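What follows is a single structure, written as C-alpha coordinates, with notes after it.
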Amino acid sequence: MRFDWWTFALQTVNVLILLWILSRFLFRPAADIIKARQAEAGKLLSDAAAARESAEAERRKAAAFEQELSARRAEALHTAEQDASARRQALIDAARKEAEQLRLAARVVIAQAREAEAEAADDRASRLAVDIAAKLIDRMPESARVAGFIEGLVEAVAALPLETRVELAAEGAPIPVTAPRALAEIEIGELEAGLRRALGRVVRVQGRIDAGLIAGLEIETAHARVRNSLRADLEAIQNKLLTRDG
Amino acid sequence: MIRSPLMLEPLFHVGTVPVTAPVLVASAIVLSLGAGARLASRRFALRPSRLQATIELFVAAVDEQIKGVMQADPAPYRALIGTIFLFVLAANWTSLIPGVDPPTARLETDAALAFIVVCATIGLGVRARGLRGYLATFAEPSWAMIPLNVVEQITRAFSLVIRLFGNVMSGVFVVGIVLSLAGLLVPIPLMALDLLTGAVQAYIFAVLATVFIGAAVGEGGGQRASTPNGDGNEQH
(Lines give C-alpha, C1' and ligand atoms only; values in the text may rest on other atoms or scores of the structure.)
Protein backbone atom coordinates (compact mmCIF):
# COMPACT_ATOMS: atom_id res chain seq x y z
CA MET A 1 0.00 0.00 0.00
CA ARG A 2 1.29 3.40 -0.97
CA PHE A 3 -0.04 6.85 0.06
CA ASP A 4 -0.60 8.91 -3.04
CA TRP A 5 0.08 12.53 -2.19
CA TRP A 6 -1.33 13.76 -5.50
CA THR A 7 -4.63 12.13 -4.75
CA PHE A 8 -4.54 13.58 -1.24
CA ALA A 9 -3.95 17.06 -2.64
CA LEU A 10 -6.59 16.76 -5.34
CA GLN A 11 -9.16 15.44 -2.90
CA THR A 12 -8.38 18.32 -0.57
CA VAL A 13 -8.94 20.71 -3.45
CA ASN A 14 -12.15 18.91 -4.36
CA VAL A 15 -13.55 19.24 -0.83
CA LEU A 16 -12.49 22.88 -0.61
CA ILE A 17 -14.18 23.62 -3.94
CA LEU A 18 -17.31 21.87 -2.77
CA LEU A 19 -17.13 23.82 0.47
CA TRP A 20 -17.00 27.09 -1.47
CA ILE A 21 -19.79 26.08 -3.84
CA LEU A 22 -22.14 24.85 -1.14
CA SER A 23 -21.37 27.78 1.10
CA ARG A 24 -22.24 30.19 -1.71
CA PHE A 25 -25.11 28.38 -3.39
CA LEU A 26 -26.72 26.28 -0.69
CA PHE A 27 -26.10 27.16 2.92
CA ARG A 28 -26.03 30.94 2.63
CA PRO A 29 -29.19 31.19 0.46
CA ALA A 30 -30.96 28.68 2.67
CA ALA A 31 -30.00 30.55 5.83
CA ASP A 32 -30.98 33.84 4.21
CA ILE A 33 -34.35 32.55 3.11
CA ILE A 34 -34.98 31.10 6.57
CA LYS A 35 -34.06 34.43 8.12
CA ALA A 36 -36.25 36.27 5.61
CA ARG A 37 -39.15 33.96 6.36
CA GLN A 38 -38.67 34.48 10.07
CA ALA A 39 -38.61 38.23 9.49
CA GLU A 40 -41.72 37.96 7.34
CA ALA A 41 -43.41 35.82 9.96
CA GLY A 42 -42.42 38.33 12.60
CA LYS A 43 -43.80 41.14 10.46
CA LEU A 44 -47.01 39.19 9.89
CA LEU A 45 -47.29 38.57 13.61
CA SER A 46 -46.67 42.25 14.28
CA ASP A 47 -49.26 43.19 11.66
CA ALA A 48 -51.67 40.69 13.13
CA ALA A 49 -51.03 42.07 16.61
CA ALA A 50 -51.55 45.60 15.30
CA ALA A 51 -54.70 44.52 13.49
CA ARG A 52 -55.91 42.79 16.62
CA GLU A 53 -55.16 45.90 18.65
CA SER A 54 -56.99 48.01 16.08
CA ALA A 55 -59.92 45.62 16.14
CA GLU A 56 -59.90 45.72 19.91
CA ALA A 57 -59.91 49.52 19.82
CA GLU A 58 -62.81 49.45 17.36
CA ARG A 59 -64.63 47.01 19.60
CA ARG A 60 -64.08 49.25 22.61
CA LYS A 61 -65.29 52.23 20.58
CA ALA A 62 -68.37 50.29 19.47
CA ALA A 63 -69.04 49.25 23.05
CA ALA A 64 -68.77 52.86 24.22
CA PHE A 65 -71.11 53.97 21.42
CA GLU A 66 -73.55 51.23 22.33
CA GLN A 67 -73.41 52.30 25.95
CA GLU A 68 -74.04 55.90 24.92
CA LEU A 69 -76.97 54.80 22.77
CA SER A 70 -78.34 52.81 25.67
CA ALA A 71 -78.08 55.85 27.93
CA ARG A 72 -79.80 58.02 25.32
CA ARG A 73 -82.54 55.47 24.90
CA ALA A 74 -83.06 55.25 28.64
CA GLU A 75 -83.19 59.05 28.86
CA ALA A 76 -85.67 59.21 25.96
CA LEU A 77 -87.81 56.53 27.58
CA HIS A 78 -87.72 58.41 30.86
CA THR A 79 -88.75 61.64 29.14
CA ALA A 80 -91.51 59.86 27.25
CA GLU A 81 -92.76 58.28 30.45
CA GLN A 82 -92.80 61.66 32.14
CA ASP A 83 -94.68 63.20 29.21
CA ALA A 84 -97.15 60.32 29.16
CA SER A 85 -97.64 60.59 32.90
CA ALA A 86 -98.23 64.34 32.65
CA ARG A 87 -100.66 63.89 29.78
CA ARG A 88 -102.46 61.11 31.60
CA GLN A 89 -102.74 63.29 34.69
CA ALA A 90 -104.03 66.15 32.56
CA LEU A 91 -106.60 63.85 30.94
CA ILE A 92 -107.64 62.53 34.34
CA ASP A 93 -108.00 66.06 35.67
CA ALA A 94 -110.01 67.12 32.63
CA ALA A 95 -112.20 64.02 32.94
CA ARG A 96 -112.73 64.68 36.62
CA LYS A 97 -113.60 68.30 35.92
CA GLU A 98 -115.99 67.29 33.17
CA ALA A 99 -117.52 64.61 35.39
CA GLU A 100 -117.94 67.17 38.16
CA GLN A 101 -119.66 69.54 35.74
CA LEU A 102 -121.88 66.74 34.50
CA ARG A 103 -122.62 65.76 38.07
CA LEU A 104 -123.55 69.34 38.96
CA ALA A 105 -125.69 69.66 35.83
CA ALA A 106 -127.37 66.37 36.64
CA ARG A 107 -127.92 67.52 40.18
CA VAL A 108 -129.57 70.72 38.88
CA VAL A 109 -131.68 68.71 36.45
CA ILE A 110 -132.65 66.31 39.22
CA ALA A 111 -133.52 69.23 41.50
CA GLN A 112 -135.58 70.84 38.76
CA ALA A 113 -137.31 67.55 38.07
CA ARG A 114 -137.99 67.06 41.74
CA GLU A 115 -139.30 70.61 41.98
CA ALA A 116 -141.51 70.10 38.95
CA GLU A 117 -142.70 66.83 40.33
CA ALA A 118 -143.44 68.48 43.67
CA GLU A 119 -145.31 71.27 41.94
CA ALA A 120 -147.28 68.74 39.96
CA ALA A 121 -148.02 66.84 43.16
CA ASP A 122 -149.10 70.06 44.85
CA ASP A 123 -151.25 70.94 41.90
CA ARG A 124 -152.81 67.52 42.00
CA ALA A 125 -153.33 67.91 45.72
CA SER A 126 -154.93 71.33 45.19
CA ARG A 127 -157.19 69.95 42.58
CA LEU A 128 -158.03 67.04 44.80
CA ALA A 129 -158.73 69.43 47.68
CA VAL A 130 -160.92 71.59 45.43
CA ASP A 131 -162.72 68.49 44.24
CA ILE A 132 -163.20 67.33 47.81
CA ALA A 133 -164.39 70.77 48.86
CA ALA A 134 -166.71 70.99 45.86
CA LYS A 135 -168.19 67.61 46.63
CA LEU A 136 -168.66 68.58 50.27
CA ILE A 137 -170.26 71.89 49.29
CA ASP A 138 -172.58 70.04 46.89
CA ARG A 139 -174.04 68.25 49.90
CA MET A 140 -174.86 71.59 51.50
CA PRO A 141 -177.99 73.72 50.53
CA GLU A 142 -177.52 76.10 47.60
CA SER A 143 -178.12 79.14 49.87
CA ALA A 144 -175.12 78.20 51.97
CA ARG A 145 -172.81 78.80 49.00
CA VAL A 146 -173.57 82.51 49.04
CA ALA A 147 -175.50 83.54 52.19
CA GLY A 148 -172.70 82.64 54.58
CA PHE A 149 -170.18 84.75 52.69
CA ILE A 150 -172.10 88.08 52.33
CA GLU A 151 -171.09 89.47 55.72
CA GLY A 152 -167.48 88.39 55.17
CA LEU A 153 -167.40 90.19 51.80
CA VAL A 154 -168.86 93.37 53.33
CA GLU A 155 -166.32 93.31 56.12
CA ALA A 156 -163.49 92.78 53.62
CA VAL A 157 -164.71 95.76 51.56
CA ALA A 158 -164.94 97.83 54.73
CA ALA A 159 -161.36 96.83 55.55
CA LEU A 160 -160.13 98.23 52.22
CA PRO A 161 -158.15 101.46 52.32
CA LEU A 162 -160.21 104.62 52.12
CA GLU A 163 -158.93 105.60 48.68
CA THR A 164 -159.83 102.17 47.30
CA ARG A 165 -163.29 102.36 48.82
CA VAL A 166 -163.80 105.91 47.44
CA GLU A 167 -162.75 104.82 43.98
CA LEU A 168 -164.93 101.74 44.22
CA ALA A 169 -167.93 103.86 45.22
CA ALA A 170 -167.22 106.72 42.85
CA GLU A 171 -167.54 104.84 39.66
CA GLY A 172 -171.30 104.75 39.72
CA ALA A 173 -171.41 101.65 37.72
CA PRO A 174 -172.74 98.49 39.31
CA ILE A 175 -170.14 96.54 41.36
CA PRO A 176 -169.40 93.18 39.72
CA VAL A 177 -169.87 90.42 42.26
CA THR A 178 -168.85 86.92 41.18
CA ALA A 179 -170.70 84.00 42.71
CA PRO A 180 -170.67 80.21 42.07
CA ARG A 181 -174.30 80.45 40.91
CA ALA A 182 -176.85 83.05 39.96
CA LEU A 183 -177.62 85.33 42.89
CA ALA A 184 -181.17 85.46 44.16
CA GLU A 185 -182.99 88.82 44.57
CA ILE A 186 -182.80 88.64 48.29
CA GLU A 187 -179.09 87.88 48.17
CA ILE A 188 -178.50 90.83 45.86
CA GLY A 189 -180.53 93.02 48.28
CA GLU A 190 -178.43 91.93 51.24
CA LEU A 191 -175.24 92.57 49.28
CA GLU A 192 -176.34 96.07 48.21
CA ALA A 193 -177.35 96.89 51.82
CA GLY A 194 -174.08 95.67 53.24
CA LEU A 195 -171.99 97.45 50.62
CA ARG A 196 -173.96 100.68 51.24
CA ARG A 197 -172.88 100.47 54.87
CA ALA A 198 -169.29 99.74 53.97
CA LEU A 199 -168.97 102.35 51.22
CA GLY A 200 -171.26 104.96 52.52
CA ARG A 201 -173.44 105.34 49.42
CA VAL A 202 -176.02 103.45 47.42
CA VAL A 203 -174.54 100.91 45.07
CA ARG A 204 -175.85 98.35 42.65
CA VAL A 205 -174.60 94.83 42.36
CA GLN A 206 -174.16 93.05 39.09
CA GLY A 207 -174.01 89.32 39.52
CA ARG A 208 -171.63 87.07 37.63
CA ILE A 209 -171.27 83.29 37.71
CA ASP A 210 -168.02 81.34 38.18
CA ALA A 211 -168.46 77.76 39.36
CA GLY A 212 -164.73 77.66 40.15
CA LEU A 213 -165.38 79.67 43.30
CA ILE A 214 -167.06 76.59 44.84
CA ALA A 215 -168.62 78.80 47.45
CA GLY A 216 -168.38 82.47 48.37
CA LEU A 217 -168.24 85.84 46.65
CA GLU A 218 -165.59 87.93 44.96
CA ILE A 219 -165.38 91.52 43.72
CA GLU A 220 -162.95 92.34 41.03
CA THR A 221 -162.68 95.79 39.48
CA ALA A 222 -159.93 97.77 37.83
CA HIS A 223 -158.82 99.16 41.16
CA ALA A 224 -159.68 96.55 43.71
CA ARG A 225 -160.14 92.88 44.22
CA VAL A 226 -161.88 91.39 47.21
CA ARG A 227 -161.99 87.64 47.49
CA ASN A 228 -164.16 85.79 49.98
CA SER A 229 -164.55 82.30 48.52
CA LEU A 230 -163.43 78.76 49.13
CA ARG A 231 -161.26 78.89 46.00
CA ALA A 232 -159.42 81.87 47.39
CA ASP A 233 -159.02 80.13 50.71
CA LEU A 234 -157.72 76.94 49.08
CA GLU A 235 -155.26 78.94 46.96
CA ALA A 236 -154.07 80.75 50.06
CA ILE A 237 -153.60 77.44 51.86
CA GLN A 238 -151.73 76.02 48.86
CA ASN A 239 -149.44 79.03 48.61
CA LYS A 240 -148.73 78.80 52.29
CA LEU A 241 -147.88 75.11 51.97
CA LEU A 242 -145.64 75.75 49.00
CA THR A 243 -143.89 78.56 50.81
CA ARG A 244 -143.27 76.26 53.78
CA ASP A 245 -141.96 73.43 51.56
CA GLY A 246 -139.68 75.80 49.70
CA MET B 1 -1.13 -12.18 -10.57
CA ILE B 2 -3.55 -10.88 -7.98
CA ARG B 3 -3.67 -7.09 -7.69
CA SER B 4 -3.96 -5.60 -4.23
CA PRO B 5 -7.23 -3.75 -3.80
CA LEU B 6 -5.41 -1.14 -1.77
CA MET B 7 -3.21 -0.23 -4.69
CA LEU B 8 -4.13 3.02 -6.44
CA GLU B 9 -3.31 3.26 -10.09
CA PRO B 10 -3.71 6.53 -12.01
CA LEU B 11 -6.33 6.47 -14.72
CA PHE B 12 -4.62 9.19 -16.69
CA HIS B 13 -2.25 12.10 -16.23
CA VAL B 14 -2.87 15.80 -16.56
CA GLY B 15 0.58 17.00 -17.31
CA THR B 16 2.64 15.41 -14.57
CA VAL B 17 -0.34 15.09 -12.21
CA PRO B 18 -1.76 11.59 -12.03
CA VAL B 19 -5.54 11.46 -11.79
CA THR B 20 -6.89 8.43 -9.94
CA ALA B 21 -10.41 7.00 -9.75
CA PRO B 22 -11.25 8.47 -6.30
CA VAL B 23 -10.32 11.93 -7.55
CA LEU B 24 -12.56 11.45 -10.55
CA VAL B 25 -15.49 10.22 -8.45
CA ALA B 26 -14.97 13.00 -5.91
CA SER B 27 -14.94 15.54 -8.72
CA ALA B 28 -18.18 14.09 -10.03
CA ILE B 29 -19.67 14.39 -6.56
CA VAL B 30 -18.51 18.01 -6.32
CA LEU B 31 -20.01 18.81 -9.69
CA SER B 32 -23.28 17.04 -8.91
CA LEU B 33 -23.76 18.59 -5.50
CA GLY B 34 -22.65 22.01 -6.74
CA ALA B 35 -24.97 21.94 -9.73
CA GLY B 36 -27.83 20.61 -7.62
CA ALA B 37 -27.31 23.34 -5.03
CA ARG B 38 -27.13 26.02 -7.69
CA LEU B 39 -30.34 24.82 -9.36
CA ALA B 40 -32.17 24.40 -6.10
CA SER B 41 -31.14 27.77 -4.68
CA ARG B 42 -32.41 29.56 -7.77
CA ARG B 43 -35.95 28.61 -6.87
CA PHE B 44 -35.78 29.58 -3.23
CA ALA B 45 -38.86 31.54 -2.17
CA LEU B 46 -40.68 32.53 1.00
CA ARG B 47 -43.30 29.93 0.19
CA PRO B 48 -41.04 26.87 -0.05
CA SER B 49 -41.33 23.97 -2.44
CA ARG B 50 -40.90 20.40 -1.24
CA LEU B 51 -37.21 20.38 -2.23
CA GLN B 52 -36.60 23.76 -0.59
CA ALA B 53 -38.35 22.59 2.56
CA THR B 54 -36.11 19.53 2.63
CA ILE B 55 -32.98 21.65 2.19
CA GLU B 56 -34.12 24.07 4.89
CA LEU B 57 -34.86 21.14 7.17
CA PHE B 58 -31.30 19.85 6.59
CA VAL B 59 -29.78 23.28 7.23
CA ALA B 60 -31.86 23.68 10.39
CA ALA B 61 -30.76 20.23 11.58
CA VAL B 62 -27.10 21.16 11.00
CA ASP B 63 -27.63 24.42 12.90
CA GLU B 64 -29.28 22.59 15.79
CA GLN B 65 -26.42 20.09 15.88
CA ILE B 66 -23.82 22.86 15.97
CA LYS B 67 -25.73 24.81 18.62
CA GLY B 68 -26.19 21.68 20.68
CA VAL B 69 -22.47 20.89 20.64
CA MET B 70 -20.85 24.32 20.63
CA GLN B 71 -23.54 26.45 22.33
CA ALA B 72 -22.73 29.15 19.82
CA ASP B 73 -24.05 30.85 16.70
CA PRO B 74 -23.88 28.16 13.99
CA ALA B 75 -23.45 30.55 11.05
CA PRO B 76 -19.59 30.53 10.88
CA TYR B 77 -19.44 26.72 11.00
CA ARG B 78 -22.55 25.76 9.08
CA ALA B 79 -20.97 25.52 5.63
CA LEU B 80 -17.95 23.50 6.77
CA ILE B 81 -19.89 20.98 8.85
CA GLY B 82 -22.70 20.68 6.33
CA THR B 83 -20.27 20.26 3.41
CA ILE B 84 -18.28 17.58 5.22
CA PHE B 85 -21.48 15.66 6.02
CA LEU B 86 -22.85 15.90 2.47
CA PHE B 87 -19.53 14.96 0.85
CA VAL B 88 -18.92 11.98 3.10
CA LEU B 89 -22.50 10.81 2.71
CA ALA B 90 -22.43 11.12 -1.07
CA ALA B 91 -19.01 9.48 -1.27
CA ASN B 92 -20.11 6.58 0.95
CA TRP B 93 -23.26 6.01 -1.08
CA THR B 94 -21.41 5.87 -4.42
CA SER B 95 -20.74 2.24 -3.51
CA LEU B 96 -24.24 1.56 -4.81
CA ILE B 97 -23.13 2.43 -8.33
CA PRO B 98 -21.78 -0.70 -10.02
CA GLY B 99 -18.10 -0.53 -10.80
CA VAL B 100 -17.51 2.55 -8.65
CA ASP B 101 -15.56 2.40 -5.43
CA PRO B 102 -16.41 5.08 -2.88
CA PRO B 103 -13.65 7.70 -2.58
CA THR B 104 -13.85 7.41 1.22
CA ALA B 105 -12.65 3.80 0.89
CA ARG B 106 -9.28 5.32 -0.01
CA LEU B 107 -6.94 6.60 2.64
CA GLU B 108 -6.03 9.74 0.69
CA THR B 109 -9.63 11.02 0.62
CA ASP B 110 -10.18 10.45 4.32
CA ALA B 111 -6.81 12.04 5.07
CA ALA B 112 -7.81 15.05 2.98
CA LEU B 113 -11.05 15.41 4.96
CA ALA B 114 -9.20 15.05 8.27
CA PHE B 115 -6.58 17.53 7.09
CA ILE B 116 -9.30 20.09 6.35
CA VAL B 117 -10.85 19.50 9.77
CA VAL B 118 -7.48 19.91 11.51
CA CYS B 119 -6.74 23.08 9.58
CA ALA B 120 -10.19 24.45 10.35
CA THR B 121 -9.74 23.55 14.02
CA ILE B 122 -6.44 25.37 14.22
CA GLY B 123 -7.55 28.34 12.15
CA LEU B 124 -10.87 28.85 13.95
CA GLY B 125 -9.22 28.25 17.33
CA VAL B 126 -6.58 30.89 16.65
CA ARG B 127 -9.21 33.29 15.34
CA ALA B 128 -11.37 32.80 18.40
CA ARG B 129 -8.71 32.75 21.11
CA GLY B 130 -5.69 34.35 19.46
CA LEU B 131 -2.45 32.46 18.86
CA ARG B 132 -1.33 32.60 22.50
CA GLY B 133 -4.75 31.67 23.75
CA TYR B 134 -4.97 28.75 21.39
CA LEU B 135 -1.51 27.49 22.26
CA ALA B 136 -2.36 27.93 25.93
CA THR B 137 -5.08 25.32 25.55
CA PHE B 138 -2.36 22.73 25.12
CA ALA B 139 -1.13 23.52 28.63
CA GLU B 140 -4.46 22.68 30.21
CA PRO B 141 -4.85 21.60 32.87
CA SER B 142 -1.06 21.90 33.49
CA TRP B 143 2.21 22.32 31.58
CA ALA B 144 2.92 18.68 32.09
CA MET B 145 0.02 17.82 29.81
CA ILE B 146 1.50 19.59 26.76
CA PRO B 147 3.01 16.41 25.20
CA LEU B 148 -0.14 14.45 25.81
CA ASN B 149 -2.33 17.20 24.34
CA VAL B 150 -0.12 17.41 21.24
CA VAL B 151 -0.28 13.66 20.83
CA GLU B 152 -4.06 13.83 21.33
CA GLN B 153 -4.39 16.36 18.52
CA ILE B 154 -2.45 14.06 16.20
CA THR B 155 -4.13 10.84 17.23
CA ARG B 156 -7.66 12.15 17.01
CA ALA B 157 -6.95 13.35 13.49
CA PHE B 158 -5.66 9.90 12.65
CA SER B 159 -8.68 8.37 14.38
CA LEU B 160 -10.95 10.37 12.04
CA VAL B 161 -9.04 9.00 9.05
CA ILE B 162 -8.81 5.42 10.18
CA ARG B 163 -12.44 5.19 11.41
CA LEU B 164 -13.91 6.35 8.14
CA PHE B 165 -11.42 4.47 5.99
CA GLY B 166 -11.81 1.23 7.95
CA ASN B 167 -15.57 1.24 7.96
CA VAL B 168 -16.07 2.08 4.29
CA MET B 169 -13.19 -0.01 2.97
CA SER B 170 -14.30 -3.02 4.97
CA GLY B 171 -17.79 -2.68 3.56
CA VAL B 172 -16.41 -2.61 0.02
CA PHE B 173 -14.19 -5.63 0.70
CA VAL B 174 -17.01 -7.65 2.24
CA VAL B 175 -19.32 -6.94 -0.67
CA GLY B 176 -16.54 -7.78 -3.14
CA ILE B 177 -15.67 -11.04 -1.39
CA VAL B 178 -19.32 -12.10 -1.10
CA LEU B 179 -19.89 -11.18 -4.73
CA SER B 180 -16.92 -13.28 -5.82
CA LEU B 181 -18.08 -16.26 -3.79
CA ALA B 182 -21.88 -16.14 -4.20
CA GLY B 183 -24.42 -15.09 -6.77
CA LEU B 184 -25.31 -11.70 -8.14
CA LEU B 185 -28.10 -10.79 -5.69
CA VAL B 186 -26.53 -12.13 -2.50
CA PRO B 187 -24.58 -8.95 -1.56
CA ILE B 188 -27.70 -6.79 -1.73
CA PRO B 189 -28.43 -6.98 2.02
CA LEU B 190 -24.83 -6.08 2.70
CA MET B 191 -25.10 -3.15 0.31
CA ALA B 192 -28.22 -1.99 2.13
CA LEU B 193 -26.28 -2.23 5.34
CA ASP B 194 -23.55 -0.14 3.70
CA LEU B 195 -26.16 2.59 3.14
CA LEU B 196 -26.83 2.72 6.86
CA THR B 197 -23.13 2.52 7.67
CA GLY B 198 -22.34 5.28 5.23
CA ALA B 199 -24.98 7.59 6.74
CA VAL B 200 -23.83 6.84 10.28
CA GLN B 201 -20.19 7.43 9.39
CA ALA B 202 -21.03 10.71 7.69
CA TYR B 203 -22.92 11.82 10.78
CA ILE B 204 -20.08 10.73 13.10
CA PHE B 205 -17.45 12.45 11.02
CA ALA B 206 -19.45 15.70 10.98
CA VAL B 207 -20.19 15.56 14.71
CA LEU B 208 -16.57 14.85 15.58
CA ALA B 209 -15.46 17.75 13.40
CA THR B 210 -17.95 19.94 15.26
CA VAL B 211 -16.67 18.73 18.61
CA PHE B 212 -13.04 19.35 17.67
CA ILE B 213 -13.77 22.83 16.37
CA GLY B 214 -15.94 23.60 19.39
CA ALA B 215 -13.17 22.55 21.73
CA ALA B 216 -10.70 24.71 19.82
CA VAL B 217 -12.74 27.90 19.72
CA GLY B 218 -13.69 27.47 23.36
CA GLU B 219 -17.30 28.55 22.98
CA GLY B 220 -19.77 26.72 25.09
CA GLY B 221 -17.54 27.33 28.15
CA GLY B 222 -14.28 26.51 26.35
CA GLN B 223 -14.49 23.03 27.76
CA ARG B 224 -13.43 20.05 25.79
CA ALA B 225 -16.47 18.27 24.59
CA SER B 226 -16.64 14.53 24.85
CA THR B 227 -17.05 12.51 21.68
CA PRO B 228 -20.34 10.69 21.13
CA ASN B 229 -18.68 7.29 21.33
CA GLY B 230 -16.51 8.09 24.32
CA ASP B 231 -13.07 7.02 23.20
CA GLY B 232 -13.53 8.07 19.61
CA ASN B 233 -12.99 4.59 18.28
CA GLU B 234 -15.86 2.93 16.53
CA GLN B 235 -15.58 -0.08 14.32
CA HIS B 236 -18.06 -1.53 11.94
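These numbers come from a predicted model, not from an experiment.
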Partner chain B: residue of [options] with the largest heavy-atom pair count (under 4.5 Å):
| options | result |
| --- | --- |
| A:Ala36, A:Ala41, A:Ala30 | A:Ala30 |
| A:Pro29, A:Ala31, A:Ser23 | A:Pro29 |
| A:Leu10, A:Ile17, A:Asp32, A:Ile21 | A:Leu10 |

For [X], is it the side chain, the backbone, both or neither that has a heavy atom under 4.5 Å from a heavy atom of chain A?
| X | result |
| --- | --- |
| B:Ala26 | both |
| B:Phe115 | side chain |
| B:Ala75 | neither |
| B:Val59 | side chain |
| B:Leu33 | both |
| B:Leu80 | both |

Going by heavy atoms in the side chains, are B:Leu86 and A:Leu26 under 4.5 Å from each other? yes
Spell out, as yes or no, whether a donor-acceptor pair under 3.5 Å connects the side chain of A:Gln11 to the backbone of B:Pro22.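 Looks like yes, one N/O pair under 3.5 Å.
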Among A:Asn14, A:Leu22, A:Val13, find the residue that satisfies the side-chain contact (heavy atoms from CB on, under 4.5 Å) test when tested with B:Val30.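 So the option named by the test is A:Asn14.
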Which atom of B:Ala79 lies closest to which atom of A:Leu19, heavy atoms considered: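 The answer is O-CD1, 3.4 Å.
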